[in-house]
Amino acid sequence: MSESIVKNKSFELAVQGVNFYKLLISEKKEFVISKQFLRSVTSVGANVREAINAQSKADFIHKLSISQKECDETLYWLELLNETNYISDFEFKPLHELSTEVLKIIRSIIITSKKNS
């Protein structure tokens, strides 16, 4: 059950992230940080998918741990964009909240998986 939630939420994050990236390059003319953001935000869901298809429990935890790191990196780039005034609080808040939610879900799955192994 939680795997499908994290799969859906991480995909939603990637879609919103790609659309946000398009806004950053077209309207904000920001090309460097936005590229780093795009890489990390799309990597979250890609690694979740890899985890779902893991070959072992250890592989599952490893792939989710990578996803967790990418999600935290996504938060970093968002916070940097906000603090440097490339984006407003209005633009920042929804993506930051979704990223934080996905990060919490991933962390919870990792903790539960470690307890059960």
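- Heavy-atom neighbours of Tyr76 OH from other residues, nucleotides or ligands within 6.0 Å: at or below the threshold of 12.
- Using a cutoff of 4.0 Å between basic side-chain nitrogens and carboxylate oxygens, Glu30 and Lys35 are not scored as salt-bridged.
- Annotation: side chain of Glu73 is in contact with side chain of Gln36 (closest heavy-atom distance under 4.5 Å).
- Annotation for Ser40 and Trp77: closest pair OG-CD1, 3.6 Å, computed over non-hydrogen atoms.
- Side-chain atoms of Asn47 come within 3.5 Å of backbone atoms of Ser43 as a donor-acceptor pair (strictly under, hydrogens ignored).
- Under the 4.5 Å side-chain heavy-atom criterion for ILVMFWY residues, no single connected hydrophobic cluster contains both Ile66 and Ile52.
- Side-chain atoms of Ser65 come within 3.5 Å of backbone atoms of Ile61 as a donor-acceptor pair (strictly under, hydrogens ignored).
- For the pair Lys114 and Ile110, the minimum side-chain heavy-atom distance is below 4.5 Å.
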- List the steps and the verdict of salt bridge (charged side-chain N to carboxylate O under 4.0 Å, His left out) for Glu12 and Lys7. CA-CA 9 Å; Glu12 178 186 345; Lys7 180 180 172 184; over 6 Å; no
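- Considering CG of Leu103 and CG of Leu75, their distance stands at 6.0 Å, rounded to 0.5 Å.
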- Task: Go through the steps for Leu38 and Leu24 under the test side-chain contact (heavy atoms from CB on, under 4.5 Å), then give the verdict.
- Result: CA-CA 10 Å; Leu38 179 66; Leu24 287 170; over 6 Å; no
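- Here the side chain of Asp59 pairs a donor or acceptor atom with the backbone of Gln55 at under 3.5 angstrom.
- The CD atom of Glu101 sits 11.0 Å away from the OG atom of Ser10 when rounded to the nearest 0.5 Å.
- Leu78 places none of its side-chain heavy atoms less than 4.5 Å from the side chain of Asn82.
- Taking a 6.0 Å sphere around NZ of Lys57, one finds it holds more than 12 heavy atoms contributed by other residues, nucleotides or ligands.
- Using a 3.5 Å distance cut-off with no hydrogens or angles, the side chains of Ser67 and Glu70 do not pair a donor with an acceptor.
- To the nearest 0.5 Å, atom NZ of residue Lys69 and atom CG of residue Asp72 are 10.5 Å apart.
- How far OG1 of Thr42 is from CZ of Phe37: 9.0 Å, rounded to the nearest 0.5 Å.
- Taking the side chain as every heavy atom from C-beta outward, Leu13 and Lys9 never approach each other to under 4.5 Å.
- Hydrophobic clustering places Leu80 together with Val44 (ILVMFWY residues linked when any side-chain heavy atoms are closer than 4.5 Å, directly or through intermediates).
- Within a 6.0 Å radius of CZ in Phe31, more than 12 heavy atoms belonging to other residues, nucleotides or ligands are found.
- Rounding to the nearest 0.5 angstrom, the gap separating the CZ atom in Phe11 from the CD atom in Gln16 is 11.5 Å.
- With hydrophobic clusters built from ILVMFWY side chains whose heavy atoms lie under 4.5 angstrom apart, Leu98 shares a cluster with Ile87.
- Considering all non-hydrogen atoms of both residues, Val41 and Gly17 come closest at CG1-CA, 4.0 Å.
- Shown here is Lys28, whose NZ atom has more than 12 heavy atoms of other residues, nucleotides or ligands within 6.0 Å.
- Among the candidates Ile106, Thr112, Ile105, the single residue satisfying the side chain to side chain contact (heavy atoms under 4.5 Å, CB included) test with Ile109 is Ile105.
- Clustering ILVMFWY residues whenever any of their side-chain heavy atoms sit less than 4.5 angstrom apart, transitively, puts Phe92 in the very cluster that holds Leu95.
- The side-chain heavy atoms of Leu23 and Glu91, taken from C-beta on, include a pair separated by under 4.5 Å.
- Here the CD-OG distance, from Glu97 to Ser99, works out to 10.0 Å after rounding to the nearest 0.5 Å.
- Cluster membership for Val48 and Val15, using ILVMFWY side-chain heavy atoms within less than 4.5 angstrom, is not shared.
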